[in-house]
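Whatever order the structure lists ligands and atoms in, that order sets their numbers, starting from 1. For this chain, numbers begin at 1 and follow the sequence in order.
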Amino acid sequence: MINGVGVGGSWGWAVWGWVLGDDRDVADVSGLLRVGSGVDLGAIDPAGTPGLPDRKGVRRDPKGWARAELVTLGQELARQQEMLFANAKVNPADQRRVLLVLQAMDCGGKDGTVKKVAGTMNPEGLRITAFGPPTAEERQHDFLWRIRRALPLPGYLGIFNRSHYEDVLVVRVRRLAPPRVWKPRYEKINSFERELVDSGFSLVKVMLHISYEEQRRRLLERLRDPTKYWKYNPDDVDNRAYWPAYQQAYQDAIQRCGTDHAPWHVVPADRKWYRDWAVAHLILDALKRLDLSYPPADFDPRAETKRLEREETGSAPKVNGR
Ligand code: AMP
Ligand code: MG
């Protein structure tokens with residue numbers, strides 16, 4: 001039995017499976033969190049923990065277990081990411097790259113997820129971009145213009161902290177553009193993502209799903225701690241009045257842009273330790289699907305070793321006769 005599975009019936013039992021070759025009883029987290037055109041956000045418990053193993057050791061201290069697991073997952077993430085980077089470096093024809101698209105309501109935990117999950121990997125191979133309100137220059141272009149400019153190069157793991165989806169979320173809910181502008185964007189997003197996948201991208205789209213009450217707790221936390229004032233935005237409180245409209249806009253975006261090649265995942269995010277554990281799994285699964293290995297040498301390692309061993313140790317070639 002797995003905690004949280006079957007919430008509202010929307011997770012489905014069909015996706016349940018054990019990860020082959022893994023001796024730990026970890027479920028197919030990606031499969032459990034993947035949602036399709038029938039998604040009902042209201043039926044997904046933001047405090048749920050789908051896929052978390054239900055054994056004594058985990059039940060006793062789920063948070064401690066998940067935090068420890070994140071360290072192990074992080075090591076594997078770093079290894080996989082290095083292999084992705086190495087392959088692109090030695091083979092310019094290798095166009096593979098991974099893009100994590102993170103969306104959430106305010107206080108949903110996007111920043112924390114970037115810190116905790118991306119923090120396990122080598123910064124050299126990461127391209128992290130946060131999207132705020134479009135600048136004057138960005139407004140002069142199509143909504144995908146700034147997104148294209150932020151795409152990761154081959155070999156990189158890209159992370160979007162907010163994304164092109166804001167253009168069918170905040171823009172719709174706060175009426176920043178009329179329906180005739182934002183409605184056609186769902187289809188534009190689908191063709192754009194199709195184009196990305198066809199050119200070597202693996203897309204991992206994640207909505208961090210928090211509750212209305214948890215958002216309030218987190219806003220209050222920011223107000224209690226002067227080191228968190230910089231994260232506080234009075235607009236976020238105004239936005240709470242639009243909560244149902246946002247949930248509807250999220251549900252529509254997920255339903256209309258959840259495709260086989262670029263599916264959406266809804267990660268219950270009221271518990272930060274579950275959120276980080278789940279997102280780490282989602283990225284790791286995407287990397288594992290690439291079946292990566294370290295690139296073989298395009299030189300003869302034995303001959304190279306001999307060349308170095310033949311050198312007289314400790315005597316560098318003379319520079320300027322010295
Ligand atoms: P934060 O993520 O807290 O730094 O806030 C970024 C703000 O930028 C949020 O209020 C978003 O709704 C807003 N934002 C992001 N993308 C867009 C967009 N395309 N149009 C309008 N506002 C946006
Ligand atoms: Mg904010």
| query | Which of these passes side-chain hydrogen bond (donor to acceptor under 3.5 Å, both in side chains) with Q103: E166, H164, K110? | reply |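 Considering E166, H164, K110, a side-chain hydrogen bond (donor to acceptor under 3.5 Å, both in side chains) with Q103 is found only for E166.
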| query | After noting the C-alpha distance and the side-chain angles of R275 and T113, does the key distance pass the side-chain hydrogen bond (donor to acceptor under 3.5 Å, both in side chains) rule? | reply | CA-CA 7 Å; R275 170 199 81 195; T113 306; 3.1 Å; yes
| Where does the angle between the aromatic ring planes of Y274 and W277 fall among parallel (under 30°), tilted (30 to 60°) and perpendicular (over 60°)? |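 The rings of Y274 and W277 sit tilted, inter-plane angle from 30° to 60°.
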| query | Does the side chain of S199 reach to within under 4.5 Å of the side chain of Q95, using non-hydrogen atoms? | reply | no
| Below 4.5 Å, heavy atoms only, C-beta onward: do W264 and R34 meet side chain to side chain? |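 W264 vs R34: side chains apart.
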| task | At a heavy-atom distance under 4.0 Å, which protein residues reach ligand 1? Sort them by chain and number, would you? | result | F131, G132, P133, P134, R146, R162, E166, D167, V170, V171, L176
| message | Do the side chains of D142 and R149 get close enough for a salt bridge, i.e. N-O under 4.0 angstrom? | response |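 No.
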